[in-house]
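One structure is given below, encoded as structure tokens.
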Protein chains: 2
Amino acid sequence: MINLDNNADSPLYMQIYEQIKQEIINGVLPEGSRLPSTRHLSQTLAVGRNTVENAYLQLSSEGYVTSRVGSGFIVQNLNGLTYLTNEDKCNKPIKSSRPESKPSIVYPHNFQFGLLSAQNFPLNIWRKISSRALSSLTAEDLTTYCDKKGELELRYNLSEYLLKSRGVSCSANQIILCAGLEYALSLLCQLLRNKTTQIALEEPGYIGARNIFTNNGFQLLPVHIENDGLKISELENASAKVVYVTPSHQFPNGIVTSIQKRLLLLDWAKRNDGLIIEDDYDSELRYNSRPIPSIISIAGNENVVYIGTFSKALSPSLRVSYMVLPQKLLDLYHKEFGMYQTPVSLLEQRVIQELISSGYWENHLRKTCVAYKKKHDLLIHLISETMGRIVKIHGKNAGLHILLESSQGLTEREMIERAKEHGVLVHPVSTFWLNPENYSNNMVLLGFGNLSETDIVEGIKKLAQAWKA
Amino acid sequence: MINLDNNADSPLYMQIYEQIKQEIINGVLPEGSRLPSTRHLSQTLAVGRNTVENAYLQLSSEGYVTSRVGSGFIVQNLNGLTYLTNEDKCNKPIKSSRPESKPSIVYPHNFQFGLLSAQNFPLNIWRKISSRALSSLTAEDLTTYCDKKGELELRYNLSEYLLKSRGVSCSANQIILCAGLEYALSLLCQLLRNKTTQIALEEPGYIGARNIFTNNGFQLLPVHIENDGLKISELENASAKVVYVTPSHQFPNGIVTSIQKRLLLLDWAKRNDGLIIEDDYDSELRYNSRPIPSIISIAGNENVVYIGTFSKALSPSLRVSYMVLPQKLLDLYHKEFGMYQTPVSLLEQRVIQELISSGYWENHLRKTCVAYKKKHDLLIHLISETMGRIVKIHGKNAGLHILLESSQGLTEREMIERAKEHGVLVHPVSTFWLNPENYSNNMVLLGFGNLSETDIVEGIKKLAQAWKA
DNA sequence: GGGTATTTGTCCGTATGTATG
DNA sequence: TCATACATACGGACAAATACC
């Protein structure tokens with residue numbers, strides 16, 4: 001940026017000349033780059049055109065730049081011309097160097113969690129719909145703020161989809177579009193601040209959610225998990241008014257909260273004027289079990305916030321999720337947060353809307369489900385066949401990962417290290433515990449969303465070698 | 001959603017039959033719609049296909065649906081067939097009605113703030129770049145999480161742009177991509193929570209920012225404005241450690257904070273271990289004045305957070321903004337917020353990146369600036385010509401709006417009401433005061449971004465009539 | 001791929017303040 | 001005091017080069 005001072009001793013054109021010269025010497029303006037045209041620079045600096053021209057001519061006569069009619073002033077090669085003075089060096093701005101790709105060690109087999117399979121992504125359909133959405137956007141659409149909670153049509157389609165597939169009966173009005181779980185939960189924290197700053201959550205549970213609550217100044221109250229969901233007795237004893245749960249597939253155990261537990265949970269909420277945050281992140285990916293009604297579908301318009309996302313079943317880089325608010329919170333939202341603009345770009349909104357209303361979405365879900373089920377079953381089959389003696393499988397119901405517990409007394413760390421030595425990356429489970437000291441510490445997590453079937457076969461083969469007694 | 005219970009008295013196929021019947025009667029499945037295929041439904045319900053077929057045959061034999069090989073089961077016309085029982089009515093889900101467009105009163109001339117001109121949006125270029133970005137995205141890109149702070153290339157390009165145009169010397173590493181101002185400020189609130197929960201801000205000032213701070217539990221400390229920026233003496237007396245300012249065009253007055261004030265502000269921050277949040281929302285739109293170096297460019301890597309956006313100069317519905325963090329906050333961010341995913345979709349990131357790196361962005365800025373300057377000058381000219389006696393113009397330096405003060409002693413309310421009677425919408429200024437009782441209450445705000453030149457001519461003509469003595 | 005609109009450096013005249021004689 | 005020269009700053013006209021259909 002060029003900075004001019006009318007009251008300085010040196011004339012304007014000299015100030016311009018000096019500062020551009022510095023930038024050339026410093027490399028901010030590299031060889032071959034074009035100076036801004038005299039007209040443009042004169043406009044941004046609010047000076048006459050000839051003032052800029054004068055500065056440029058000076059630069060030109062000293063050989064820093066050359067000019068050509070129609071194409072501008074070009075910075076020249078400075079071989080032999082530059083000899084940085086000390087003063088010059090001090091003035092040199094820190095130009096951030098061009099970033100390089102990180103040289104992280106690549107393991108041949110990485111059972112990473114959270115990634116999806118590129119093979120299953122409906123690239124062509126997505127491109128088609130996106131490009132249709134692209135041409136549907138007019139200049140008017142793009143120069144005005146769209147509906148603050150997200151486009152009405154999209155929220156209406158979402159409400160229809162939720163009713164059909166998850167039994168959630170809500171109006172479009174209750175739906176708020178969000179940019180990922182972080183956004184949704186942060187917003188919720190802001191909404192709840194005056195009610196409480198304590199939150200009960202599953203132990204173990206999703207560390208991402210835990211971070212968000214902590215960062216928003218909430219106190220965490222861990223509640224243990226049993227084989228059909230949250231230990232309600234612990235919840236009763238905790239002083240929380242809000243609880244965050246992942247009932248469709250408890251993270252990381254994959255436990256499906258039973259319908260009885262769901263009713264008990266709801267009962268707790270009704271009795272205590274409590275709020276259940278139902279994160280249904282994974283619900284679309286069911287392989288064996290029947291769908292259990294979502295908690296919000298039993299509760300009606302009270303006591304439950306429902307959160308869904310497109311990150312798991314479609315694409316994590318779209319950054320679209322949504323929240324269904326109960327009436328009380330919705331009123332509060334309208335009152336205090338009515339001015340918040342949606343964080344989702346209009347283009348993405350149109351794409352998602354078209355995906356749902358055209359039926360591609362449900363179609364895609366079915367296909368994806370089948371594909372992941374195949375991988376899931378293969379994984380389970382291979383493990384029980386080659387490692388049935390040395391590990392126990394947990395979380396068979398989870399969507400895109402499973403847990404393995406060592407039957408040989410290996411610790412988490414040992415399992416991970418041994419796997420690494422064989423070129424396989426498996427991941428810790430202890431991080432999901434708020435108080436890891438209560439944890440047996442002998443499990444690892446294997447995500448399989450991103451692996452091909454041959455990858456799975458190879459990976460498991462190596463794991464079996466790594467862990468064999 | 002269909003909900004099955006193995007322990008129930010009725011067999012599975014009956015449960016399916018009953019529930020689909022209900023959905024048909026309730027209208028959730030309207031006439032003409034297709035039932036899911038037996039294969040699909042059996043898969044999602046985890047029952048055998050014959051079970052579903054049995055249920056469908058029952059429905060078919062009772063006339064609710066008809067079937068055709070190859071095309072599925074279609075819901076029939078229910079004339080004379082439906083007689084809702086009381087029980088049925090109770091079970092009827094609240095189906096959200098299709099939303100209609102809001103029937104708000106449309107004023108012929110709306111000087112609304114925050115909107116841009118559709119004529120100035122580079123629709124073709126944007127479409128071209130978007131569709132290019134679309135085809136650049138691979139299935140791999142879309143099935144993995146991208147860089148958490150935003151793609152590195154984009155942040156690098158942003159850092160280069162900031163250096164050139166605003167003198168901000170920062171590394172790509174310091175930049176965090178955000179989805180609008182709300183997201184950026186909310187994140188900042190979370191970052192600052194353990195340092196302070198008090199924030200000083202301009203009085204009057206941008207109400208949007210104020211709301212966000214309040215919603216995040218921050219206490220607001222208003223600091224008055226004088227003709228070259230914040231009253232530093234008031235700031236000194238306030239107990240705040242953090243201050244939010246809009247120095248390039250103070251909102252709503254359009255006051256440009258002088259370089260002296262900027263240095264004083266920075267001095268305050270250095271002495272008090274304070275933090276300046278510099279919201280540069282409008283800086284690209286300068287019409288007459290010379291650019292003044294941004295505060296962060298004077299401060300270096302300490303005491304200042306810089307916030308920029310693409311909402312004002314490009315499009316508010318793209319939802320892309322960014323933050324430059326000083327080293328201390330950056331370290332904290334990496335530690336506590338490292339897991340947060342960026343809220344901006346990969347597609348939008350690619351579009352913005354291409355826009356900047358191809359040079360279209362700076363090109364567009366120049367054009368936009370010229371176009372808005374034309375409108376701005378026209379507006380000022382018309383007002384001083386037709387209403388020079390009855391109003392005083394403030395905020396000539398603001399980007400997309402001006403303020404008018406009544407010289408006849410009209411109150412804000414009177415000015416707005418009289419304008420409405422002539423079909424013109426102008427907007428209150430009092431809302432931007434935290435304590436409106438200290439405010440003279442005789443100004444209105446006119447946004448002109450969205451108006452054509454003929455709109456402006458007509459609107460001002462009517463305003464002159466409305467307010468004439 | 002060829003014609004047109006826009007962008008660009010270049011050249012021109014003009015105005016103002018200041019130093020010189 | 002006046003005339004002159006010079007440095008600085010500003011805006012318009014023109015032809016070459018480039019960008020856009």
Side-chain angles (χ1 to χ4, degrees), chain A residues 1-24 29-77 131 134-135 137-139 142, chain B residues 117-133 135 161 164-165 284 286-292 313-314 351 354-378 380-381 453:
Chain A
M1 200 189 88
I2 291 171
N3 188 18
L4 296 184
D5 181 359
N6 261 337
N7 303 322
D9 285 337
S10 61
L12 289 178
Y13 83 98
M14 262 304 193
Q15 297 181 39
I16 298 173
Y17 157 77
E18 280 291 346
Q19 293 183 48
I20 293 182
K21 190 176 83 174
Q22 284 306 326
E23 294 196 334
I24 294 175
L29 289 169
E31 181 194 335
S33 65
R34 242 195 76 211
L35 299 187
S37 78
T38 53
R39 283 159 234 268
H40 288 154
L41 190 60
S42 72
Q43 190 200 323
T44 50
L45 295 180
V47 297
R49 228 174 54 235
N50 275 17
T51 311
V52 176
E53 203 180 312
N54 236 323
Y56 280 20
L57 286 179
Q58 186 73 25
L59 287 167
S60 181
S61 71
E62 295 183 11
Y64 289 100
V65 298
T66 53
S67 64
R68 247 181 53 223
V69 174
S71 57
F73 287 82
I74 309 292
V75 176
Q76 287 300 98
N77 187 318
S131 99
L134 198 57
S135 22
L137 288 176
T138 66
L142 289 158
Chain B
S117 158
Q119 280 78 43
N120 294 334
F121 186 82
L123 191 61
N124 287 330
I125 287 170
W126 181 76
R127 280 195 179 149
K128 199 171 75 184
I129 288 186
S130 294
S131 92
R132 205 186 299 159
S135 26
Y161 163 71
K164 258 194 215 160
S165 76
E284 287 98 350
R286 260 177 312 95
Y287 302 136
N288 306 302
S289 57
R290 292 215 179 112
I292 296 185
L314 184 60
V351 172
E354 183 65 22
L355 215 57
I356 297 179
S357 65
S358 67
Y360 277 127
W361 172 238
E362 287 180 83
N363 204 8
H364 166 71
L365 279 182
R366 270 192 300 269
K367 280 188 200 158
T368 318
C369 210
V370 172
Y372 286 129
K373 179 179 165 55
K374 220 168 145 190
K375 287 189 192 178
H376 179 263
D377 292 350
L378 174 68
I380 302 262
H381 173 75
E453 300 194 12

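Atoms considered below: every heavy atom in the structure, side chains included; atoms not considered: hydrogens, waters and symmetry mates. Naming: A, B, ... by sequence-line order, numbering from 1 per chain. Since the model is a prediction, treat every value here as computed from it, not as a measurement.
The pair B/E453-B/K375 does not meet the salt-bridge criterion, since no charged nitrogen lies less than 4.0 angstrom from a carboxylate oxygen.
Protein atom CD of A/Q58 is 17 Å distant from nucleotide atom P of C/dG9, rounded to whole Å. Following rounding to the nearest Å, B/N363 (CG) and D/dC20 (C1') show an atom-to-atom distance of 12 Å. One atom, CZ of A/R68, and another, C1' of D/dA19, lie 15 Å apart when rounded to the nearest Å. We find that NZ of B/K367 is positioned 12 Å from P of D/dA19, with the value rounded to whole Å. If you measure from atom CG of B/N124 to atom C1' of D/dC20, you get 11 Å, rounded to the nearest angstrom. With rounding to whole Å, A/F73 atom CZ is found 18 Å from C/dT7 atom P. At whole-Å resolution of the value, CD1 in B/I125 and P in C/dT6 are 14 Å apart.
Partners of A/S71 by side-chain contact (heavy atoms from CB on, under 4.5 Å), not counting sequence neighbours, listed by chain and number: A/R68.
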Base, backbone or nothing for each nucleotide of nucleotides 6-15 of chain D, written B, S, -, heavy atoms under 4.0 angstrom, 5' to 3'? --SSBBBB--
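A/Y56 comes within 4.0 angstrom of nothing in the nucleic acid, heavy atoms only. Counting non-hydrogen atoms under 4.0 angstrom, B/R366 reaches nothing in the nucleic acid.
For C/dT10, the OP1/OP2 oxygens have a side-chain nitrogen or oxygen of A/S67 closer than 4.0 Å. For the pair A/S37 and C/dT8, the criterion of a side-chain N or O lying under 4.0 Å from OP1 or OP2 is met. For A/T38, a side-chain nitrogen or oxygen approaches OP1 or OP2 of C/dG9 to under 4.0 Å. For the pair A/H40 and C/dT8, the criterion of a side-chain N or O lying under 4.0 Å from OP1 or OP2 is met.
In this structure, a donor-acceptor pair under 3.5 Å is absent between the side chains of A/T38 and A/E53.
A distance-only check finds a donor-acceptor pair linking the side chain of B/R286 to the backbone of A/T44 [under 3.5 Å]. The backbone N or O of A/D5 lies less than 3.5 Å from a partner atom in the side chain of A/Q15, making a donor-acceptor pair.
Using a 4.5 Å cut-off on side-chain heavy atoms (C-beta onward), A/S42 and A/T51 make no contact.
Classification of the B/H376-B/Y287 ring pair by plane angle, with boundaries at 30° and 60°, yields tilted.
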